[in-house]
Amino acid sequence: MIIALGIEYFGANFHGWQKQPGKIRTVQTVLETALSKIADHSIAITCAGRTDTGVHALAQVVHFETKADRKLDAWVLGCNSILPPDVKVLWAEKVPQKFSARFSAIARTYQYLILNTQFNSALLHSLVTWENCILDASAMHDAGQLLLGEQDFSSFRSNECQSESPNRNIQKLQVVRNGSFVVLTIQANAFLHHMVRNIVGVLMEVGKGKQPQQWILKVLAAKNRQAASRTAPANGLYLVKVDYPKDLLTKNHARYPTYTISSDPH
């Protein structure tokens with residue numbers, strides 16, 4: 001049978017999602033170890049989107065195949081009794097054989113949190129990116145609308161990106177100010193390696209007034225990573241939602257934690 005799980009984790013303590021050689025601590029390694037103990041056989045998991053070192057997740061989705069006959073609650077409660085405090089299982093669901101956490105996903109949503117204050121926070125430094133230059137969130141939002149739709153995002157992919165195609169379809173991009181926070185929410189069918197963080201880096205240049213809004217079109221048209229600005233840090237980035245066809249996954253996304261900072265800019 002195929003089981004899907006919803007996962008939450010604090011990425012600062014992990015060397016990213018993907019399993020690596022040796023004893024490097026990754027989310028995949030920790031989760032597979034716990035699941036294998038519950039199943040009494042080796043478990044290999046596939047995720048909706050691999051995250052880098054320092055990136056957090058409120059709603060990562062994974063799937064795995066198992067011969068073990070367990071109640072769904074056993075996968076949740078059993079794993080959480082074994083897992084460390086910085087990664088937890090939120091729900092479990094039996095899914096059709098054709099389900100893939102990665103390939104069945106029709107949209108992924110990330111949020112990026114910027115603490116826009118004079119001084120950094122001692123408590124939030126692993127959870128947000130700090131910027132002391134006052135950002136114009138409205139200008140960032142307007143510039144971001146130029147990235148909507150299916151486009152070639154070569155200028156926003158890392159040099160290590162292994163995707164065959166640089167084309168992605170951004171369905172939604174919002175930037176809003178919420179008190180001392182500037183929050184970017186972006187939804188697309190899929191993302192290239194470092195794509196969100198590179199978009200944030202470009203939009204922050206606009207927000208600081210260092211570049212005009214139309215500059216983003218020049219960056220996009222260059223199809224060259226060197227045309228863009230720096231990659232924004234990982235610690236402000238969160239995977240907050242993954243969408244699937246309802247006939248493949250029925251879990252209501254409202255069951256996910258709702259402590260992201262969000263509001264409609266209009």
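Because the structure is a prediction, the values reported are computed rather than measured.
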Under 3.5 Å: donor-acceptor pair, side chain of Asn116, backbone of Glu131
yes
Any idea which heavy atoms bring Tyr112 and Pro233 closest together, and the distance?
OH-O, 2.7 Å
Can you tell if the side chain of Gln187 reaches within under 4.5 Å of the side chain of Gln171, non-hydrogen atoms only?
yes
Quick one, Ile216 and Ile199 - any side-chain contact, counting heavy atoms below 4.5 Å?
no
Going through the checks in order, is the side chain to side chain contact (heavy atoms under 4.5 Å, CB included) test met by Phe103 and Thr46?
CA-CA 10 Å; Phe103 295 111; Thr46 298; over 6 Å; no
Any side-chain heavy atom of Ile3 within less than 4.5 Å of one from Val95?
no
Residue pair Arg25 / Pro84, side-chain heavy-atom distance below 4.5 Å:
yes
Check for a donor-acceptor pair, side chain of Glu8 on one end and backbone N or O of Ala59 on the other, with a separation under 3.5 Å.
no
Exercise: do Asn189 and Asn169 side chains pair donor with acceptor under 3.5 Å
no
Following the transitive rule for hydrophobic clusters with a side-chain heavy-atom cut-off under 4.5 Å over Ile, Leu, Val, Met, Phe, Trp and Tyr, establish whether Leu115 and Ile134 coincide in one cluster.
no
List the steps, then state whether side-chain hydrogen bond (donor to acceptor under 3.5 Å, both in side chains) holds for Thr250 with Glu93.
CA-CA 8 Å; Thr250 63; Glu93 180 178 337; 2.9 Å; yes
Step by step, would you call Val61 with Cys47 a side chain to side chain contact (heavy atoms under 4.5 Å, CB included)?
CA-CA 6 Å; Val61 177; Cys47 71; over 6 Å; no
Under 3.5 Å, is there a donor-acceptor pair between the Tyr110 and Thr185 side chains?
no
Any chance CZ of Arg225 has more than 12 other-residue heavy atoms, nucleotides or ligands included, within less than 6.0 Å?
yes
Side-chain donor/acceptor of Tyr244 to backbone N/O of Ser100, under 3.5 Å
no
When you compare the side chains of Thr29 and Thr26, does any donor N or O come within less than 3.5 Å of an acceptor on the partner?
yes
If you compare all heavy atoms of Val206 against all heavy atoms of Pro212, which two are closest, and at what distance to 0.1 Å?
CG2-O, 3.8 Å
Parallel under 30°, tilted from 30 to 60°, perpendicular over 60°: which one fits the rings of Tyr9 and Trp17?
tilted
Side chains of Thr231 and Asn198 only: does a donor on one sit below 3.5 Å from an acceptor on the other?
yes
When clusters are formed by joining ILVMFWY residues with side-chain heavy atoms under 4.5 Å apart, either directly or through shared neighbours, do Leu31 and Ile24 land in the same one?
no
Which heavy atom in Asn159 sits nearest to a heavy atom in Gln226, and how many Å separate them?
ND2-NE2, 4.4 Å
So does Asp247 have more than 12 non-hydrogen atoms from other groups sitting under 6.0 Å from CG?
yes
Test item: side-chain donor near acceptor, Arg197 and Ser158, under 3.5 Å:
no
Quick one: does Lys172's side chain get under 4.5 Å of Ile186's, heavy atoms only?
no
Interatomic distance, Met140 atom CE to Arg177 atom CZ [nearest 0.5 angstrom]:
9.0 Å
Go through the steps for Thr117 and Trp130 under the test side chain to side chain contact (heavy atoms under 4.5 Å, CB included), then give the verdict.
CA-CA 7 Å; Thr117 54; Trp130 171 65; 3.6 Å; yes
Shared hydrophobic cluster for Leu72 and Ile45 (ILVMFWY, side-chain gaps under 4.5 Å):
yes
Applying a strict under-4.5 Å side-chain criterion to I, L, V, M, F, W and Y, I'd like to know whether Leu217 and Leu173 cluster together.
yes
Can you give me every donor-acceptor pair (side chain of residues 149-156, partner residue at least two apart or in another chain, under 3.5 Å) with its distance?
{"residue": "Gln151", "atom": "NE2", "partner": "Leu146", "partner atom": "O", "Å": "3.2"}
{"residue": "Gln151", "atom": "NE2", "partner": "Leu147", "partner atom": "O", "Å": "3.3"}
{"residue": "Gln151", "atom": "NE2", "partner": "Leu148", "partner atom": "O", "Å": "3.1"}
{"residue": "Asp152", "atom": "OD1", "partner": "Ser154", "partner atom": "N", "Å": "2.9"}
{"residue": "Asp152", "atom": "OD1", "partner": "Ser154", "partner atom": "OG", "Å": "2.6"}
{"residue": "Ser155", "atom": "OG", "partner": "Val219", "partner atom": "O", "Å": "2.5"}
{"residue": "Ser155", "atom": "OG", "partner": "Lys223", "partner atom": "N", "Å": "3.0"}
{"residue": "Ser155", "atom": "OG", "partner": "Asn224", "partner atom": "N", "Å": "2.8"}
{"residue": "Ser155", "atom": "OG", "partner": "Asn224", "partner atom": "O", "Å": "3.2"}

Would you name the heavy atoms of Ser163 and Arg168 that are closest together and state the gap between them?
OG-NH2, 2.8 Å
Tell me, do Val176 and Val182 make a side-chain contact under 4.5 Å, heavy atoms counted?
no
Quick one about Gln18 and Gln28 (side-chain donor to acceptor, distance below 3.5 Å, no hydrogens or angles considered), yes or no?
no
Quick check for you: to the nearest 0.5 Å, what is the distance between Arg102 atom CZ and Arg50 atom CZ?
6.0 Å
Can Arg230 and Glu205 be counted as an ion pair, charged N to O under 4.0 angstrom?
no
Do Met1 and Glu65 come close enough that some side-chain heavy atom pair is under 4.5 Å?
no
Is Lys208 close to Leu135 at the side-chain level, that is, under 4.5 Å between some pair of heavy atoms?
yes
Is there a side chain to side chain contact (heavy atoms under 4.5 Å, CB included) between Phe181 and Ile114? Walk through the geometry before answering.
CA-CA 6 Å; Phe181 294 91; Ile114 303 169; over 6 Å; no
Classify the side-chain pair His41/Thr66 by whether it contains a donor and acceptor separated by less than 3.5 Å.
yes
With rounding to the nearest 0.5 Å, note down the distance linking CD1 in Ile2 to NE2 in His63.
5.5 Å
Is there a donor-acceptor pair closer than 3.5 Å between any side-chain N or O of Ser104 and the backbone N or O of Ala101?
no
Rounding to 0.5 Å, atoms CG (Leu220) and CH2 (Trp215) come to a distance of 11.5 Å
Name the orientation class of the two ring planes belonging to His56 and Tyr238 (parallel below 30°, tilted from 30 to 60°, perpendicular beyond 60°).
tilted
Shortest non-hydrogen contact between Glu32 and Lys19, atoms and distance:
OE1-NZ, 2.8 Å
Can you pull out every salt bridge (Lys or Arg N to Asp or Glu O under 4.0 Å) where at least one residue sits in residues 70-80? Sequence neighbours excluded, please.
Asp40-Arg70
Between CG of Leu83 and CG of Leu35, what distance do you get to the nearest 0.5 Å?
7.5 Å
Does Ser126 reach the main-chain N or O of Ala12 with its side chain, forming a donor-acceptor pair under 3.5 Å?
no
Roughly how far, to the nearest 0.5 Å, is the CD1 atom of Ile7 from the SG atom of Cys79?
7.5 Å
Could you list all the salt bridge (Lys or Arg N to Asp or Glu O under 4.0 Å) pairs where at least one residue sits in residues 105-120, not counting sequence neighbours?
none
Within one Ile-Leu-Val-Met-Phe-Trp-Tyr cluster: Leu77 and Trp91, side-chain cutoff 4.5 Å:
no
Counting heavy atoms not belonging to His125, are there more than 12 under 6.0 Å from its NE2?
no
Donor-acceptor contact present, side-chain Asn235 to main-chain Leu127, <3.5 Å:
no
Search all heavy atoms of Asp86 against all heavy atoms of Asn13 and return the closest pair with its distance.
OD2-ND2, 3.1 Å
